[in-house]
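Some notes on the structure that comes next.
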Amino acid sequence: MLRSTICQKCGAILEINNIDQNHEWSAFNIEEFNDKARTGTPSSLARHDMGLFTVIGRTDKDASGGKIDPIVRSTMERLKTWDYRTQIHTPAARNLRQAFSELDVLKAKLGLSDAIIEKTAYIYRKAQERRLVRGRTTSAILAASIYIACREIGMPRTLKDISTVSNIKRKDLARSYRFIVSKLELKIPVLDPIKCIVRVANKANLSEITKRKAIDLMYKINENELAAGKDPMGLAASVLYLSSMNNRDSNEHRTQSDLAAAAGVTEVTIRNRTQELRKKSCLKIIR
DNA sequence: TAAGATAAGAGGGACAT
DNA sequence: ATGTCAGTCTTATCTTA
C-alpha cells in the first residue's frame with residue numbers, strides 16, 4: 001500500500017509513496033492472527049536481522065504430517081542450534097540488537113518517523129561495519145546516527161534535543177556526529193532556517209500570520225546572505241521575535257525568553273541576532 | 001519585569017608550524 | 001600532530017526603562 005505523509009500544519013510533503021509495511025488486516029486474538037498472517041514481521045533495517053529471521057520448529061512431524069526420520073531430526077536440531085547462535089550470538093548482531101532496542105525508546109521520545117528510523121539504522125549499520133563504534137559507546141554512535149538521519153531528511157532536531165533524551169552529553173554527541181560524518185564521507189545538508197521557523201513558531205504557539213511574516217523576512221535575509229555562520233535556530237527565534245513584535249495583535253507578542261526556550265537558545269543569542277538584523281536597512285524592520 | 005549590556009569561558013574550524 | 005586565532009554561542013551578573 002502506498003501513501004504519502006503530509007504535514008497537517010503547513011502541507012509540506014514529508015514522504016512520498018512510502019510503503020506501509022504493516023499488515024492490512026486486523027486480528028483480535030492469537031488464533032485469528034495466526035490464521036490471517038501470511039508473512040512475518042515487516043522487514044526493517046532497524047532490526048538486527050532486518051526482520052528476516054528463520055524459525056526452525058520443534059515439531060517431529062514433516063510438512064505432510066509424517067514422522068521425521070531420527071537422523072534428519074538430529075540434523076535439524078543441530079541446524080536449529082546454529083541458526084540460533086548465528087542470529088544473536090555474534091558480537092555484531094548483539095550490538096545491533098542493543099542499539100536498535102535503544103532506538104525504539106528514542107523513537108517514541110523524539111517523535112521520529114519510520115523513515116528516520118530506517119535511515120538511522122542504515123547509518124548505524126554502516127558505522128558498525130566500518131568499526132567506528134570501537135572505543136565509543138553504542139548509545140553515542142546511535143544518537144549521532146539519529147541526528148544525521150534527521151539532518152538528511154530535513155527534520156529540525158538539534159543536538160541538544162537528542163542529547164537530552166538520550167542522556168549523551170552534547171559535546172560527546174557532536175564529536176561522534178562529526179566522526180561518523182568524516183569517516184563515512186557523508187554530505188549533510190545545512191539545516192533549513194525556514195523549517196526551523198516553523199518548528200519554533202509551533203512550539204511558541206504563534207499564528208500563521210506571524211509565521212508567514214517571519215518566513216518572508218527569512219527569505220530576505222537569505223537573499224542578502226546574512227545568515228552565514230549563524231545558528232539557524234537562534235536566527236529563526238530572532239526573526240520570529242521581530243515578526244511577533246511587529247504584529248499588532250497583542251496575543252502574538254512573545255518575550256525573548258519565550259522564544260529562547262522554544263528554540264533552545266539563550267536570550268543573549270536572540271538579542272545579538274535581533275540587533276544585527278535591525279541595523280540592516282535592506283530588511284526594513286520597524287522598531 | 002522585560003530587555004539591554006558586559007565579561008568570561010567553552011568548543012570547534014581554519015590555518016600554520 | 002599541535003598550537004594559535006577569530007568568530008560564535010552560553011552562562012552569569014548588573015543595569016535600564
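Chain identifiers are assigned alphabetically (A, B, ...) following the order of the sequence lines, protein sequences preceding nucleic acid strands; residue numbering begins at 1 within each chain.
Atoms CG (Asn272(A)) and P (dG4(B)) sit 11 Å apart, rounded to a whole Å. Nucleotide dA3(B) holds its C1' atom 13 Å from the CG atom of Asp258(A), rounded to whole Å. If you measure from atom CD of Gln256(A) to atom C1' of dA5(B), you get 12 Å, rounded to the nearest angstrom. For Tyr241(A) and dA2(B), the OH to C1' distance is 8 Å, given to the nearest whole Å. A straight line from NZ of Lys169(A) to P of dG12(B) spans 13 Å, rounded to a whole angstrom. The interatomic distance linking Lys171(A) (NZ) with dG12(B) (P) rounds to 7 Å, in whole Å. Straight-line distance from the CG atom of Leu159(A) to the P atom of dG12(B): 10 Å, rounded to whole Å. In this structure, CG of Leu242(A) is placed 10 Å from P of dG4(B), rounded to the nearest angstrom.
Closest to the side chain of Met245(A), from the set dG4(B), dA3(B), dC9(C), is dA3(B). Listed nucleotides dC9(C), dG12(B), dG4(B) differ in distance to Asp231(A); the shortest reach to its side chain belongs to dC9(C). Each of dG13(B), dA3(B), dC9(C) was ranked by its minimum atom distance to the side chain of Lys230(A); first place goes to dC9(C).
A salt bridge links Glu208(A) to Lys211(A): one of the charged nitrogens lies within less than 4.0 Å of a carboxylate oxygen.
An OP1 or OP2 oxygen of dA5(B) is reached within less than 4.0 angstrom by a side-chain nitrogen or oxygen of Gln275(A). Residue Arg170(A) has no polar side-chain atom (N or O) positioned under 4.0 Å from OP1 or OP2 of dA10(B). Proximity of Arg271(A) to the phosphate of dA5(B): no side-chain N or O atom is located under 4.0 Å from OP1 or OP2. Checking the phosphate oxygens (OP1, OP2) of dG12(B), a side-chain nitrogen or oxygen of Arg175(A) falls inside 4.0 Å. An OP1 or OP2 oxygen of dT8(C) is reached within less than 4.0 angstrom by no side-chain nitrogen or oxygen of Arg273(A).
Between Ser166(A) and Ile162(A) the shortest side-chain heavy-atom distance falls below 4.5 Å.
The closest donor-acceptor contact from the side chain of Glu118(A) to the backbone of Leu45(A) lies under 3.5 Å.
Among the atoms of the strands shown, only primed sugar atoms or phosphate atoms (P, OP1, OP2) are found under 4.0 Å from some heavy atom of Thr255(A).
By the criterion of side-chain heavy atoms lying less than 4.5 angstrom apart, applied directly or through intervening Ile, Leu, Val, Met, Phe, Trp or Tyr residues, Tyr124(A) is grouped together with Ile153(A) in one hydrophobic cluster. Cluster annotation: Leu191(A) and Leu240(A) are assigned to distinct hydrophobic clusters (Ile/Leu/Val/Met/Phe/Trp/Tyr, side-chain heavy-atom contacts under 4.5 Å, transitive).
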